[in-house]
Amino acid sequence: MPDVPDRAAVPTRDPRAEPPGGFAAKDPAGSSAGAPDCLGRALADARSPRFPALSPYVPERPFPWSGPGLPLSAGGRRQTDAAAAFGGPRGRAAAGARTDSGPGSAVTGFATVGAVPIRHDAPLDLARLLRLSLAAPAGTSGRLRPVPSAGALHPVRAYLLVGPGCSLPPGRHAYDPHTHRAHPRGPAPDGVPAGVLVVLTVAASRTVAHYGHRAWPLLLLDAGHAAAALAQAGPPTADVLVCLDADGALLSAAAGLPRAPARHSEWQAAELEPPLAAVWFTPTGGSVRTIDPLSAWATRARASAPVRAPGPPIAQPRELSHTQRLLSLLAQAPARPAGTWHPASRPEGVTGKTLTTRRSAPPDDLRRPPERELLASVLTTARTASPAGPDWTVVTGGAAPALYTGSPGRPGLLLHAHGDARPTLAHWAARQTWIGTTGAVLLAHGCPDDAPPAEVRISHLAAGYAIGLAQTHATALGLRSRPIGSWQQADLGAALGEAPGRDWVVHGLALGAPPAKTTTPPATRAATPLTTRTATAPAAPTAAPRATRPTPHSTAPPAPGTTARTTPPGEEERP
């Protein structure tokens, strides 16, 4: 990669400066006044080298739903001691109310909780779907799950809008990934389509405490990863559609969630959860394209509010309030409220085992470069994941380091630029030096400085969604991988000699070939008699290792007022 030319640093503006009248101010047309300028400041600040302020650890809040919920697994057989401890008093009470056997009926394929039947032989098994995507493994703290998350904080929550043909009874349900249970939150309106519609929201408090002003792009990426995990976990008997651009008000109404103004009076015990995406599972062959599922679910009044927590409301940090308002702004899509639905595809070779065993590899396991054919296959998966979203580039090392892109209708990799860009990427990605020696890096890039809210939202959600698909495909191909979520001053276009501020790195995926298997020859395991030793040393190799051609990377000093640390507070990659 060419050296990054010297230029003025991106101005860091105060993201806390709100438009006149605050974020809620409206113009006569109904749009948020000052929204583009506010978003531009937040985007510039998230991309700046400013380190997040240190914040105290914020424990995960108990889920604000009353009752023990419905066990998704047959008979409720699930170890929940650690999960109950995570869920607070309500979670512990729910775990204590269950038994290993669980109540059941004499009807084959059914279990009951009170008078509610749960059908475990239904066409769409929600227990399997969620176990392969969002559930915390039984008996664990819940940090490592089938879906990756920045800092292993897992802020994404799922609301299940269940129609006919599912293992759960029809109605609205809130999913608890720690206990693998669904909490009923209201009946289903008449005429809802068969299958299940999953609305994804983000609870930002812990991510903001860990990443500060850099949290909101990571929350969008996390939501995209969760949508990808759900889409890949769908059974072959269901069609899967994904929507990343529906209006937040419609998503809230469909899921039975109050919008921000009503939250303070109706949901005092709950954190504001901006809705960002939806995944729809329907029986294969159904005429789903003529139905607007969100409008069908939004026709009835919202579900009853959760039980209010005793005591005064918890004080909310200013950074968290800013992030929640910013995400609510990005969720607005008045031009196309119902959003755009596109079919999801599972990469070739991905199985249920692939989804549950996928893990982010340690950096030392990512040093070997993957084969070009495998890189081209993973790049194609990312490029074709969503019809909208960022552009894609693969950065490679080795003897001939280069940047490659893909071309529609052409297999393989298309050379874009010569040189080793990995040291520059390591500098941009919060100075994670291990990236400079990784085998390859898949990059999602775009989202210019002046991007409107709709483009900022879709760029990050689609990047997280596509990297989620690419990582599972890489796992199925035997490659090691590790997502990279946080990027600062990562102006890829300017580094390649193009206009600055137009082409920024949004997300990345480090890739490496599996470690080479080494076997010890039998002769070295047997003792050699002293009489057979010779005084001649083994011949030295005649060929020296081939040297790479690294290109100098940006060595610009930190911006004034910052400290030259090797890493910011907390890890910036996704464990």
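The shown structure was predicted, so the numbers you read here are calculated from the model rather than taken from an experiment. Hydrogens, waters and symmetry mates play no part in the numbers below; they use all other heavy atoms, side chains included.
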Side-chain (Asp503) to main-chain (Gly446) donor-acceptor, under 3.5 angstrom: yes
Side chain to side chain donor-acceptor pair (under 3.5 Å): pairs with one or both residues in residues 383-395, sequence neighbours excluded: Thr393-His445
Steps toward side-chain contact (heavy atoms from CB on, under 4.5 Å) verdict (Leu511, Val378): CA-CA 10 Å; Leu511 295 164; Val378 174; 4.2 Å; yes
Ser481 side chain near Ser360 side chain, heavy-atom distance below 4.5 Å: no
Sidechain-backbone polar pair: Arg422 side chain, Ile435 backbone, donor-acceptor under 3.5 Å: no
Nearest heavy-atom neighbours spanning Leu509 and Ile467: CB-CD1, 3.8 Å
Side chains of Gln432 and Ile484 in contact at under 4.5 Å (non-hydrogen atoms): yes
Separation between NE2 of His427 and CD of Gln489, rounded to the nearest 0.5 Å: 6.0 Å
Within-4.5 Å side-chain heavy-atom neighbours: Pro274 and Val202: yes
Residues Thr475 and Arg358: side-chain donor-acceptor under 3.5 angstrom: no
Shortest non-hydrogen contact between Arg346 and Thr351, atoms and distance: NH1-CA, 4.4 Å
Donor-acceptor contact below 3.5 Å, side chain His213 vs main chain Ala42: no
Heavy-atom pair of closest approach, residues Pro347 and Leu469: CG-O, 3.8 Å
Scan the side chains in residues 398-405 for donor-acceptor partners under 3.5 Å anywhere in the protein, sequence neighbours excluded, and list what turns up.
{"unit_1": "Tyr404", "atom_1": "OH", "unit_2": "Arg372", "atom_2": "NH1", "d": "3.1"}

Backbone N/O of Thr340 and side chain of Asp245: donor-acceptor pair under 3.5 Å: yes
Trp280-Trp341 aromatic ring centre distance below 6.0 Å: yes
Separation of Ser345 OG from His473 NE2 (nearest 0.5 Å): 10.0 Å
From Leu492 atom CG to Leu425 atom CG, the distance as rounded to the nearest 0.5 Å: 8.0 Å
Atom pair CG (Leu413) and CD (Glu373), whose distance is rounded to the nearest 0.5 Å: 8.5 Å
Neighbour count >12 (heavy atoms, 6.0 Å) for atom CD, Glu498: yes
Verdict with supporting geometry, Asp45 and Arg50, salt bridge (charged side-chain N to carboxylate O under 4.0 Å, His left out): CA-CA 7 Å; Asp45 197 33; Arg50 180 169 75 90; 2.6 Å; yes
Contact summary for Val199 and Pro275, nearest pair of heavy atoms: CG1-CB, 4.2 Å
Nearest heavy-atom neighbours spanning Ala462 and Ala388: CB-O, 3.5 Å
Leu153 side chain near Tyr211 side chain, heavy-atom distance below 4.5 Å: yes
side-chain contact (heavy atoms from CB on, under 4.5 Å) evaluation trace for Leu330 with Trp216: CA-CA 10 Å; Leu330 293 173; Trp216 67 267; 3.9 Å; yes
Check: Arg482 side chain, Ala361 main-chain N or O, donor-acceptor pair, under 3.5 Å: yes
Thr438 (side chain) donor-acceptor with Leu366 (main chain) under 3.5 angstrom: yes
Modelled atom types, side-chain donor and acceptor of Ser377 and Thr380, under 3.5 Å: no
Heavy-atom donor-acceptor pair, Thr284 side chain to Thr237 backbone, under 3.5 Å: yes
Leu375 CG to Leu442 CG distance, which is reported to the nearest 0.5 Å: 8.5 Å
Check: His225 ring centre within less than 6.0 Å of His154 ring centre: no
From CA spacing to verdict: side-chain contact (heavy atoms from CB on, under 4.5 Å), Leu230, Leu130: CA-CA 7 Å; Leu230 282 165; Leu130 294 164; 4.1 Å; yes
Donor-acceptor pair, side chain of Arg157 and main chain of Tyr175, under 3.5 angstrom: no
Pairing of Arg502 and Asp449 as salt bridge, 4.0 angstrom limit: no
Donor-acceptor under 3.5 Å (Gln471 side chain, Gly468 main chain): no
For the student: nearest non-hydrogen atoms of Arg480 and Pro514, plus distance: CG-CA, 4.3 Å
Beyond-backbone contact of Arg145 with Pro177, side-chain heavy atoms, under 4.5 angstrom: yes
Side chain proximity check, Arg47 to Cys447, heavy atoms < 4.5 angstrom: yes
Val456 backbone acceptor or donor facing His460 side chain under 3.5 Å: yes
Val208 vs Thr323 side-chain heavy atoms within contact, under 4.5 Å: yes
Pairwise side-chain contact, Val394 with Val441, heavy-atom cut-off 4.5 Å (strictly under): no
side-chain contact (heavy atoms from CB on, under 4.5 Å) between Phe281 and Leu241, intermediate numbers included: CA-CA 7 Å; Phe281 302 86; Leu241 299 176; over 6 Å; no
Leu200 side, atom CG; Asp222 side, atom CG - distance, nearest 0.5 Å: 11.0 Å
